[in-house]
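Numbers restart at 1 for each chain; the letters A, B, ... are given by sequence-line order, proteins then strands. Treat the numbers as computed from the prediction; the structure is a model and nothing was measured.
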Amino acid sequence: MSDLEAWRAKAAAWCESMVPQFGKAARKGLSVEEDLALGRRYQKAKFDAGFAGINWPTDLGGQGLGHIEKIAFEAEEMKHGFPNVYFGISLGMPVPVLMQFGTDREFVKERVLKALQGEEIWCQLFSEPSGGTDLAGLRTRAETDGNGWKINGQKVWTSWAQYSDYGVIVVRTDPTVAKHKGLTYFWVDMKAPGVTVRPIKLAGGDSHVNEVFFDDVRIGDDHRMSPVGGGFAVAMATLMIERYVATDSAGFGPHLDLFVDLAKEVRLNGRPAIEDGRIRQQIARNYAMRAGLDSINVRARLMMQAGMTPGPEGSLNKLVAVRSRQKLSELAIDLQGAGGFAFDAHASPKDDWASSWINAPTGRIAGGSDETLLNTIAERILGLPQDHRPDKGVPFNEIPA
Amino acid sequence: MSDLEAWRAKAAAWCESMVPQFGKAARKGLSVEEDLALGRRYQKAKFDAGFAGINWPTDLGGQGLGHIEKIAFEAEEMKHGFPNVYFGISLGMPVPVLMQFGTDREFVKERVLKALQGEEIWCQLFSEPSGGTDLAGLRTRAETDGNGWKINGQKVWTSWAQYSDYGVIVVRTDPTVAKHKGLTYFWVDMKAPGVTVRPIKLAGGDSHVNEVFFDDVRIGDDHRMSPVGGGFAVAMATLMIERYVATDSAGFGPHLDLFVDLAKEVRLNGRPAIEDGRIRQQIARNYAMRAGLDSINVRARLMMQAGMTPGPEGSLNKLVAVRSRQKLSELAIDLQGAGGFAFDAHASPKDDWASSWINAPTGRIAGGSDETLLNTIAERILGLPQDHRPDKGVPFNEIPA
Amino acid sequence: MTILHDEGQQAIATESRRVLEARMRKEELLPLLELEGRYHEGFWATAKEQGWTALALPESHGGLALGLVELGLIAHQAGRTLSGAPFLTSGFGAAKAIELYGSDAQKARWLPGLASGDSIGAIAFASGADPLPAQPGVRFADGRLDGIAPAVSGGVAADVAILLSAGADGPVLAVAELAGVERRTVASFDNSRCLADLVFAGTPAARLETGGAARDAALHILALQAVVTAHEQTGGAEALMEIARDYAVTRKAFGQPIGAFQSIKHRIAELYGLVELARANCIHAAAREGADDFITAAAAARLSATEAYDSAARDCVQIHGGIGVTWEIGLHLHMRRARSLALEQGSTLFWEDILVDRLAGEDA
Amino acid sequence: MTILHDEGQQAIATESRRVLEARMRKEELLPLLELEGRYHEGFWATAKEQGWTALALPESHGGLALGLVELGLIAHQAGRTLSGAPFLTSGFGAAKAIELYGSDAQKARWLPGLASGDSIGAIAFASGADPLPAQPGVRFADGRLDGIAPAVSGGVAADVAILLSAGADGPVLAVAELAGVERRTVASFDNSRCLADLVFAGTPAARLETGGAARDAALHILALQAVVTAHEQTGGAEALMEIARDYAVTRKAFGQPIGAFQSIKHRIAELYGLVELARANCIHAAAREGADDFITAAAAARLSATEAYDSAARDCVQIHGGIGVTWEIGLHLHMRRARSLALEQGSTLFWEDILVDRLAGEDA
């Protein structure tokens, strides 16, 4: 048995042992608050067992292992439906960015340890109502205030903000320069005076995203994580982490195996649906697409491990995977016929087709819409001209709202 | 037997009788010139038998019947592969426009009669090299010259120009006004001094389209078919004829029946391909699409007969039909496996899948590209804003080339 | 029958649109999504009051003796405004089954109530994933039904159901009164469809057709309903296309209306195409009721309407960006309805097969 | 095997690209479209001179003992520049069949010539529309072949063919010398593929495998060739994507580069996606030669590469507008090649089935 196989076996055994306490059955019927509380206990158990921060440095509470061990653990973990969704963003982007860009290392260490143990949750305050998907067009502003800063404005689509202790935020500190040049990156205490969080109910019925209002929120300059006016680069680094680490060729929907299982189970014209060419075609094409994304991601990680910079093709994952997941989910509903109507607003989009379908549009919009991603590929990778942009090069405060 | 059934039976019998002289076997091995000569004889025979200009007025040599009789005849005619392709454009657009807008009625009558008998052929001189699909951006110009006009410039993608006696042309007569306002519509003698026709060889290997150069071509003012500066409206009327009369839900490719026949013939995984869900899906979806287009066209004609103006949905035909034909033709090639490689550059796109496939791109570009049609639908039907157009409202001679 | 609508038909379209636009509010529909087994009573009251329930039924039993064309026009408007209950379609299907295949006594018993809307009809043909199963899951023997009919639209509230059941000599098309039949409400993404599993246990029922004729009859009823549903889907798709257009004209990004970006404007133009193809197929299919090619025309209408509504739902939400996925804006009402209507009367997979069997001459 | 290319592999890619870009001219390829049975001799001479024919064959028989990864890199470049003959792929397939399933005598007889490129190999598995027929059309009996192998790529010029034939006890994988075999040139839309029907009439042949093993062997050879072809397709798609990009940056319409219109720029971005997915699958598949999941990986590569090349051909021509459909500009060379490569080694329909059988565990 290789080291990795041994690791995976250990992970499998531990996950198995957690099922009575944290599995689907244990979660059934819980309110979101109760489930979050259970989730915090699960995260603590995970930390204690050595499965939190698997590929993070040991001096910050991580395990110092590789990405491959992390993947192996997650493959086991995802089989059981544990309450880990509350920590996905927190440990996925803001905390890694804090590790990379936080200057007060003692503070960083304390926060990372608490986040890894599920005690604290971080959110990411990027999108704004008027900005749509235009990161450089942010309007939330920070003005100097004594030695520190004063934040005013509104963020939106902030996942888990209502349960977050801290957040990372990009704000405009200089409205007189061109759009992407006047931004600065901070962390904020989500419990600070002047911060108001208002959950948004989404199409699928849940409310994990929020509007967040900042009303004269005062922070010290030690909250700053980028040079003044240099926030765009750090924000891009955050999105880069998202691109290469938080990828999923299933588009954050069900694994293709679940579709194959469904197609074997259900009958079409009196025969297993898996024998029908239409179903086979979708399986084959989705497999080819996902296999390509997986290969791109594996190659990118190998390159990073070898000290090379991976190619820009990593940006394809979300665009291609979520869009396909939406249609595949529709087909899965069609396949079930009368059984396809069933719906549970609390089911997971990772293993329930109706949930996957109803949440797919959010996936195609949040964190860069399909259209923004296509523009980015066209302009930054292929060198195609920008769209007509009446606002380009104009100082931010001179662009008509 | 209804009148229509009787008419169709008569048409069928006549077409049958023409096969020895003009059918596929008779055409085999002929050069284009020989085939054209045969085509002229066929067109004369058609005229003599009362099947030319079926829905045109009798005083211009037509039969004074309805569109439905025309359709019925054409359904019979298309079964035999007669050499009628040379007259499709001529009798489809320019000659009807001449009937509608020509002022010298004696001249009109003479031309229509000769065109109906295959003695004369007309072409349509619209597209230009720099203009792409932008009709209002035409650069070929006519300047006043004594009592008449002098034409200079270049047209392109002119079908059958090399065999044409006359053409209708849109040219710029006033470069100092906004783009679509400075155009005028004329007819020209294609044999006049200064007209040079240069055939373009297309991707499929044939050369039925041409570049046409005008070098100080002098014409009288009696050639004018629109008010000076009013050519855009007449050009639009021409395109309107194209939209409602020259439509074909098969996208000018093979009828869907031929695909069904192929799918019954060919085997996939040891069974007739028609039993395979992938093939069935394409048949069903193409049928639904084509049936929709057919219903739109039938409704438009019923409305016109009832004196009403048909809706703008007629503009969908070319966009939807040709694009689908391209992919269906690819699938037909795939279906044939080793048999799919076969190719005859002289086969008809209406009954040969490889020919349909290789000529489909021309169909998606000529007479308004897919993108232009989508823009037209979006802007004129739905009222969506125009694309950014740096050239808009600028006098034509001030737009940078 | 011509596919040009006459003045009476145009008046039906105009009037039903006026009434529904005045009375249907997304604010009333949204809460119904989270309540199982409830429907929009105002919609149903309107349908009864306006005579829509009677529209396509025979005069001899309280109907208005109009047909599929007129009912389609209503369904189109109901689709635009997110019809609040499924009974217009299922009641029509049930009534047609009784009208076409029932005895005089059955007609007298059921048609007046279905025409007035006081009785609610349902269609229960499906078994498992199959909308028209060769071996139905509900058994028919000695005038009684046993077994479960899954996820019947309107099943929560229906008074009478038409079933495809399994008899000793092949399928049986049967009619059963539902009083006393257990209904297990199905929690669905579109709860106002009032889906329920109907649990038959020795329930008395009457035979309408048997064997091959039963299956043919069931397919005919399903096709009639599919044409009504296709109109509803087309109406929904049309509404979404217009919503997307209106938003694209007003919403600005990067200093210009988003409708000036081709990714947006071309997508809306493509939706226009899908809606017009679906509409043309719907009008044609409604006019072909009773003709040899009715099933073919119904299948074409159904396929293009399902594609139009699903596509419009996907694209309209996408065009709206973030706001499009909020509960409050309610675009998901259409997105959910697009999917529930895509399943009701059989999915695209089913109608593709029905259509190709006919085109290939395999149904003979 | 890692999917990161080492320096030697990168050098192969760079050098083959340099050589082919210097030597391949569309002006030389265009006339070949109208000549049956002719190929671009300069390309083949280059392949021999550069040792590409020997690349993946064993050293013991004149090969360079490299593998599918390296041959794939060459094929990618050949695809970019519209390889002028099909023999690189078919010769590799034939040689692999002999290497894996042949006797020492057969290896000694054929491999040195195939490695040097002095012998041309062909693969003739297809019958009718089936690339891997259960009942092949060519019969094998008493060491002789009878029947017609249709539209064999390279068949016009090949010296040796590997056949899937029908023996008394099931399929037979056989090797046959083609001297004296009648070739009926197939007039094709991509004539430099040198397609011919091979007419066997008592042609001597040797058995390589029989029964299930023959079919497995044939599928393995087909998969090896499919991976090579997928690289070629990806190269072609990549070239078209770049051509479209370059045109969109320079060509103006309505006063701005057409690449500023989202209908153009998004389409090119989508092509980028298709090319990168195909490339990733190709690199992965080449690295899986010999592994359990090789057929699965080959199928994925093949499917994504066919989609990429066909789509790029459609879109690149469309983006060019009128000029794109002229003979002279030659984009149709790629369009034709996209289709001929889509058919060679079996169509998308075939590989979808192969892949799903494996994913569903139906191939066991």
Side-chain angles (χ1 to χ4, degrees), chain B residues 127 129-134 137 156-157 200-205 207 209 266-270 273 276 278-279 323 326-327 330-331 333-345 354 357-362 364-366 369-371 374-375 387-392 394 399-401, chain D residues 33-34 126-131 133-135 149-153 186-191 193 195 197 251-256 258 260-264 310 313-314 317-332 335-336 339-340 342-344 346-350 352-353:
Chain B
S127 297
S130 69
T133 48
D134 178 16
V156 75
W157 311 119
I200 300 172
K201 188 169 179 179
L202 288 180
S207 306
V209 300
V266 166
R267 296 181 80 79
L268 196 55
N269 291 321
D276 188 283
R278 292 165 291 194
I279 307 306
R323 199 167 54 178
Q326 183 175 33
K327 288 202 180 183
E330 288 178 10
L331 181 60
I333 291 172
D334 275 347
L335 253 189
Q336 297 171 70
F341 289 108
F343 186 68
D344 171 3
W357 155 72
I358 209 160
N359 288 298
T362 307
R364 287 183 60 192
I365 288 160
S369 69
D370 290 2
E371 293 72 24
L374 285 168
N375 263 0
D387 297 337
H388 170 58
R389 293 273 297 262
D391 59 347
K392 210 190 152 192
V394 178
I399 299 170
Chain D
L33 290 178
E34 297 182 304
S127 269
D130 197 336
Q135 278 136 12
V152 174
S153 289
V186 174
S188 153
F189 48 77
D190 192 11
N191 275 329
R193 303 310 285 176
L195 296 154
D197 294 342
R251 165 80 177 178
K252 291 194 171 189
F254 306 109
Q256 61 188 322
I258 62 170
F261 292 104
Q262 286 186 337
S263 66
I264 307 286
D310 270 337
R314 256 181 252 120
V317 170
Q318 183 69 19
I319 285 166
H320 277 71
I323 194 78
V325 294
T326 59
W327 181 269
E328 293 307 325
I329 200 171
L331 291 179
H332 60 103
M335 189 179 136
R336 293 162 185 260
R339 283 279 81 211
S340 57
L343 286 180
E344 289 181 14
S347 76
T348 286
L349 297 163
F350 172 79
E352 283 172 354
D353 284 328

Query raised in the report: Do D/Arg339 and B/Phe343 meet the cation-pi criteria used here (NZ or CZ under 6.0 Å from the six-membered ring centre, within 45° of the axis)?
Result: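 Not satisfied by the 6.0 Å and 45° rule.
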From [X] atom [atom1] to [Y] atom [atom2], the distance as rounded to the nearest 0.5 Å:
X	Y	atom1	atom2	value
B/Lys327	D/Asp310	NZ	CG	9.5 Å
D/Ile323	B/Ile200	CD1	CD1	7.5 Å
D/His332	B/Thr362	NE2	OG1	10.5 Å
B/Gln336	D/Leu343	CD	CG	8.5 Å
B/Asp344	D/Phe189	CG	CZ	13.5 Å
D/Phe350	B/Asn269	CZ	CG	9.0 Å

Report task. Apply the test side chain to side chain contact (heavy atoms under 4.5 Å, CB included) to residues D/Trp327 and B/Leu202: give CA-CA distance (whole Å), side-chain angles for both, the deciding distance (0.1 Å), then the verdict. Result -> CA-CA 5 Å; D/Trp327 181 269; B/Leu202 288 180; over 6 Å; no
Portion of [X] that has a non-hydrogen atom of chain D nearer than 4.5 angstrom:
X	value
B/Leu268	side chain
B/Asp387	side chain
B/Glu330	both

Report task. Please say whether more than 12 non-hydrogen atoms of neighbouring residues, nucleotides or ligands are located less than 6.0 Å from CD in D/Glu34. Result ->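 Yes - once you tally the heavy atoms of other residues, nucleotides and ligands closer than 6.0 Å, there are more than 12.
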Relative to chain B, which of [options] shows the most heavy atom pairs under 4.5 Å?
options	result
D/Ala313, D/Ala126, D/Gly321	D/Gly321
D/Val152, D/Leu195, D/Asp130	D/Leu195
D/Ser153, D/Ala187, D/Ser340	D/Ala187

**Report entry** From CA spacing to verdict: side chain to side chain contact (heavy atoms under 4.5 Å, CB included), D/Met335, B/Trp357
**Finding:** CA-CA 10 Å; D/Met335 189 179 136; B/Trp357 155 72; 3.9 Å; yes
**Report entry** By side-chain hydrogen bond (donor to acceptor under 3.5 Å, both in side chains) - contacts of B/Asp370 (at least two apart)
**Finding:**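 Expected list: B/Arg364.
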For the student: nearest non-hydrogen atoms of [X] and [Y], plus distance:
X	Y	answer
D/Pro150	B/Ala338	O-CB, 3.9 Å
B/Glu371	D/Ser263	CG-OG, 3.7 Å
D/Gly322	B/Ile365	N-CG2, 3.4 Å
D/Val186	B/Ala342	CG1-CA, 4.5 Å

Query raised in the report: Hey, does D/Gln318 have a side-chain heavy atom less than 4.5 Å from the side chain of B/Ser369?
Result: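 Yes, their side chains come closer than 4.5 Å.
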Query raised in the report: Under a 4.5 Å heavy-atom cutoff, which of B/Gly339, B/Gly270, B/Gly340 has the most pairs with chain D?
Result: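 Most heavy-atom pairs within the cutoff with chain D belong to B/Gly340.
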Query raised in the report: Can you tell which of B/Leu331, B/Val266, B/Ile358, B/Ile279 has the highest number of heavy-atom pairs within less than 4.5 Å of chain D?
Result: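 Among B/Leu331, B/Val266, B/Ile358, B/Ile279, the one with the most close pairs to chain D is B/Ile358.
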Requested in this report: Could you please spell out the steps behind the side chain to side chain contact (heavy atoms under 4.5 Å, CB included) verdict for D/Thr326 and B/Trp157?
Outcome: CA-CA 10 Å; D/Thr326 59; B/Trp157 311 119; 3.5 Å; yes
Query raised in the report: Given that the side chain runs from C-beta out, which part of D/Arg314 has a heavy atom under 4.5 Å from chain B: side chain, backbone, both or neither?
Result: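 Both backbone and side chain of D/Arg314 come within 4.5 Å of chain B.
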Query raised in the report: So which part of D/Ala134 gets closer than 4.5 Å to some heavy atom of chain B, the side chain, the backbone, both or neither?
Result: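 Neither part.
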Report task. Under the side chain to side chain contact (heavy atoms under 4.5 Å, CB included) rule, what do D/Asp353 and B/Arg278 come out as? Steps first, then yes or no, please. Result -> CA-CA 11 Å; D/Asp353 284 328; B/Arg278 292 165 291 194; 2.8 Å; yes
